[in-house]
Amino acid sequence: MRQEVEIIVHNALESLKGPWGLDSIPGADIEVPRNEEMGDVATTVAMGLTKILKKPPRKIAEEIVEAIQNLSLSKVGGPGVDIFESIEIAGPGFINFRFKNEFLHKKLEVLLTEEHSSLRNDIGKGRKVQVEFVSANPTGPLHVGHGRGAAVGNALCNILQAAGFEVEREFYINDAGLQVKLLGESVFARYLQLSGIEAPFPEDGYKGDYIESIAEEIIKRAGDEYVNRSLEDCGEFFTDYAYKMMLANIEKDLKDFGVVFDRWQSEKELYEKGKVQDSLQTLRQKDLLYEKDGAKWFNSTGFGDDKDRVVVKQDGEYTYFASDIAYHKDKLDRGFDTIINIWGADHHGYIPRIRSALAAFGLPKDKFRVILIQMVALLRNGEPVQMSKRAGEFVTLSEVVDEVGADITKFIFLTRRADSQLEFDIEVAKEQSAENPVFYVQYAFARISSIFRQAVEKGVKSYESRVTSQEKMSYLALLTENEELSLIKKLLQYPMVFEGAALSLEPHRITYYLQELAGMFHSYYNRHRVLSDDAGLANARLSLCKAVQIVLKEGLNMLGVSAPERM
RNA sequence: GCGCCUGUAGCUCAGUGGAUAGAGCAUCGGCCUCCGAAGCCGAGGGUCGGAGGUUCGAAUCCUCUCAGGCGCGCCA
């Protein structure tokens with residue numbers, strides 16, 4: 001829908017380039033007017049040209065409209081003005097286009113024939129994008145905050161894939177640092193305690209019940225084999241055993257949530273393969289590493305960071321940042337064109353140094369993008385659910401998924417912009433009512449499924465029967481009610497919404513669109529009978545319903561939410 | 001002290017420099033002898049935190065300011 005207008009406006013501007021004495025013409029942004037009465041699509045290009053041409057915007061708009069009309073006479077190819085019912089100039093200088101019904105029907109027919117492929121595009125052109133998300137420390141179960149990151153990352157990957165990118169979903173495992181060591185120590189202490197030995201629990205150790213479960217598991221497998229051993233002696237075993245168990249648990253929780261990763265990158269492996277050393281060596285060769293106060297520093301200020309950052313401490317140990325440099329260099333070495341990191345908002349201070357590292361290895365600035373996920377405030381009946389990580393008390397993702405359901409949880413996470421705080425009320429989410437936007441959308445889909453079941457029972461001639469495009473057009477032409485035309489236009493807007501979501505990395509745009517589309521469908525359904533006594537009309541309306549279903553399903557797929565035929 | 005994010009209807013939130021700022025919930029009033037009422041129709045509700053500025057035009061961009069959240073380690 002937009003494409004046709006874009007081409008026409010572009011051609012018109014091209015023809016005006018000479019008369020206007022311009023070397024180049026601006027890209028014409030095509031938007032959907034706020035009110036439907038204004039038109040189906042509009043462009044503000046005339047207003048944007050006022051400064052350059054030093055003419056009033058409405059005058060420029062007139063010239064553009066005139067050029068569009070002349071364009072059709074000269075037949076330059078491509079879509080012609082005959083797709084428009086009207087072209088009007090309005091307000092300060094908007095050019096509003098209104099399509100002929102015939103054009104809308106034709107586009108609907110294309111949607112019905114090509115289905116999902118007509119809704120996608122190829123802005124990615126096969127370029128490789130790497131999306132790293134969740135990357136929770138394997139020291140405990142995932143909590144709801146991780147779930148939000150998982151939902152957003154997953155949806156984003158789905159969208160980018162549909163937009164023609166080659167996407168890799170990766171989980172980075174922090175299995176090399178002090179945290180996993182502390183996890184091992186915590187489990188060791190519990191192991192000893194469960195074996196009847198008085199053992200001190202490490203300060204700041206992990207206190208959740210799951211620590212005990214892991215200890216029990218070890219007792220089950222190894223009995224008292226480690227009771228008389230020291231921490232130095234078997235700490236590594238406990239660390240390894242514990243974090244691998246946690247990792248398996250995390251992977252299962254994610255899978256239950258409907259999120260599957262392509263790759264799990266171990267931090268430890270980066271050290272073992274010498275990649276940390278290598279990456280620092282590369283920086284040294286670029287003269288971006290120096291020694292000061294007995295430590296080694298990376299010159300990140302050279303790339304816009306506030307201050308330089310230590311990569312090797314005085315005691316010779318690497319900092320966390322050192323392995324992160326190696327990790328991000330590895331991403332580049334694997335040939336990704338764009339690197340997307342989804343982080344908790346509390347990590348925002350980390351962005352400049354990673355950006356610096358990537359820039360040092362030659363990645364253009366705009367090829368590194370970070371999505372910050374804000375905290376989730378968990379409520380129950382309006383009351384905040386107290387969570388204390390110190391005491392090991394927090395609501396896990398799996399608990400919420402078990403209680404509320406994966407579809408609802410994901411959808412709610414995707415009804416907000418990633419970087420705005422979100423309230424998640426478990427009781428409200430559980431209610432199968434209008435409070436719950438996911439039902440509203442799914443209900444529209446299920447309702448249409450139900451209509452199709454009715455249609456089969458009543459023996460209405462199937463819309464799917466093999467008919468030529470011509471025949472299809474002849475009954476689609478019966479869709480002339482206002483609600484029907486509005487619905488078709490809304491369907492045709494999907495690709496614009498989708499593209500916006502892909503370019504801005506904002507899955508929530510699709511969530512909002514789906515709610516609007518579902519709303520228009522419900523409204524239509526209440527006003528007009530789909531299974532009309534008039535067979536042709538019934539067929540046309542079934543086709544419209546089918547198209548709504550295709551778009552609903554496409555959108556829900558992007559969000560990773562199911563589209564049930566019954567509910 | 002410095003940096004980042006947020007501030008829009010009673011509540012939760014959309015809103016990529018454009019037209020009269022929207023949705024859901026909540027409140028009030030209607031709609032099932034007919035395809036799923038998890039639905040529909042209607043009503044009320046706004047100093048877009050505040051003040052300047054940029055321009056044809058600002059919720060959106062800039063500066064200042066107020067409020068809330070987060071981050072500022074040779075921690076991870």
Side-chain angles (χ1 to χ4, degrees), chain A residues 29 31 33-35 38-39 42 44 47-48 50-51 56-58 90-94 96 137 139 174 176-182 267 292-297 306-307 309-321 323-324 344-352 372 374-375 377 382 412 415-417 419-425 428 431-444 446-455 457-458 460 500 503-504 506 508-509 511-513 515-516 518-519 521-532 538 541-542 545 566-567:
Chain A
D29 58 315
E31 56 181 49
R34 186 156 54 217
N35 295 338
M38 295 167 176
T44 59
M47 291 180 275
T50 48
K51 245 169 259 160
R58 289 189 67 109
F94 290 93
N96 291 331
N137 273 339
T139 53
N174 294 117
L178 268 127
Q179 296 307 315
V180 282
K181 208 174 153 206
L182 193 58
E267 180 186 7
K292 193 181 88 181
D293 303 332
K296 292 195 172 70
W297 300 68
D306 296 345
K307 50 180 286 193
R309 307 290 171 176
V310 171
V311 289
V312 182
K313 297 185 267 182
Q314 272 182 346
D315 61 8
E317 293 282 314
Y318 291 108
T319 61
Y320 181 80
F321 180 44
S323 55
D324 246 359
D346 52 342
H347 286 71
H348 71 256
Y350 217 70
I351 297 172
L372 295 175
Q374 270 293 351
M375 301 294 121
I412 291 175
T415 52
R416 302 282 183 272
R417 242 172 48 241
D419 64 353
S420 76
Q421 285 119 330
L422 178 141
E423 286 193 2
F424 189 102
D425 193 310
V428 171
E431 276 178 44
Q432 306 210 343
S433 71
E435 297 251 7
N436 226 319
V438 63
F439 289 118
Y440 188 75
V441 176
Q442 288 182 324
Y443 185 61
R447 206 175 212 183
I448 295 171
S449 299
S450 172
I451 298 171
F452 287 135
R453 289 192 291 269
Q454 294 276 337
E457 267 177 44
K458 289 193 172 184
V460 175
L503 289 174
S504 62
E506 291 179 345
H508 75 274
R509 296 184 185 209
T511 316
Y512 275 87
Y513 170 85
Q515 293 182 69
E516 288 162 11
F521 173 75
H522 287 310
S523 180
Y524 170 62
Y525 174 90
N526 271 274
R527 192 167 302 212
H528 301 287
R529 202 176 157 73
V530 175
L531 297 174
S532 158
R541 288 180 172 172
L542 281 169
C545 287
R566 293 172 204 268
M567 46 191 291

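Naming convention: chains lettered A, B, ... in sequence-line order (proteins, then strands); numbering from 1 in each chain.
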Pairing partner (Watson-Crick or G-U wobble, both distances under 3.5 angstrom) of [N]:
N	value
B/rC40	B/rG30
B/rU63	B/rA51
B/rC72	B/rG1
B/rC13	B/rG22

* **Earlier contact from the 5' end, RNA chain B, for A/His522 and A/Ala42** =>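 First, find each residue's nearest nucleotide; the 5'-ward one identifies A/Ala42.
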* **Residue met sooner reading RNA chain B from 5', once A/Arg527 and A/Phe321 are mapped to nucleotides** =>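 Comparing both residues, the 5'-ward one is A/Arg527.
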Donor-acceptor pair (no angle test) under 3.5 Å: [X] side chain, [N] base:
X	N	value
A/His348	B/rG3	yes
A/Arg509	B/rU16	yes
A/Asp324	B/rA76	no

* What class does the angle between the rings of A/Tyr525 and A/Phe521 fall in, given that below 30° is parallel, 30 to 60° is tilted and above 60° is perpendicular? ->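 Ring orientation, 0 to 90° scale: tilted.
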When rounded to the nearest Å, what value does the distance between [atom1] atoms of [N] and [M] take?
N	M	atom1	value
B/rG15	B/rC32	C1'	36 Å
B/rG44	B/rC5	P	38 Å
B/rC66	B/rG24	C1'	30 Å
B/rG52	B/rU47	C1'	16 Å
B/rA67	B/rC61	C1'	22 Å
B/rC62	B/rA21	P	24 Å
B/rG69	B/rC35	C1'	50 Å
B/rU27	B/rG36	P	29 Å

Is there a side-chain contact between [X] and [Y], using heavy atoms and a 4.5 Å cut-off?
X	Y	answer
A/Arg416	A/Thr511	no
A/Lys313	A/Thr319	yes
A/Thr44	A/Asp29	yes

Base, sugar-phosphate alone, or nothing: which one does [X] contact when heavy atoms must sit under 4.0 Å apart?
X	value
A/Gln314	base
A/Asp293	base
A/Pro56	nothing
A/Ser523	sugar-phosphate
A/Tyr512	sugar-phosphate
A/Leu178	sugar-phosphate
A/Met375	nothing

* What's the base orientation of B/rC32: syn (chi within 90° of 0) or anti? ->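 Syn, since the glycosidic angle lies within 90° of 0.
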* Side chain of A/Asp293, backbone of A/Ala295: donor and acceptor closer than 3.5 Å? ->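 Absent.
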* Asked: Does the side chain of A/Lys313 get closer than 4.0 angstrom to OP1 or OP2 of B/rC75 through an N or O atom?
  ->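 It does, given that an N or O in the side chain of A/Lys313 lies less than 4.0 Å from OP1 or OP2 of B/rC75.
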* For B/rA14, does either OP1 or OP2 sit under 4.0 Å from a side-chain N or O belonging to A/Arg417? ->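 Yes, because at least one side-chain N or O of A/Arg417 sits under 4.0 Å from OP1 or OP2 of B/rA14.
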* Asked: In a check of side chain to side chain contact (heavy atoms under 4.5 Å, CB included) between A/Thr50 and each of A/Pro56, A/Pro92, A/Pro57, which one passes?
  ->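 Between A/Thr50 and the candidates, side chain to side chain contact (heavy atoms under 4.5 Å, CB included) is satisfied uniquely by A/Pro57.
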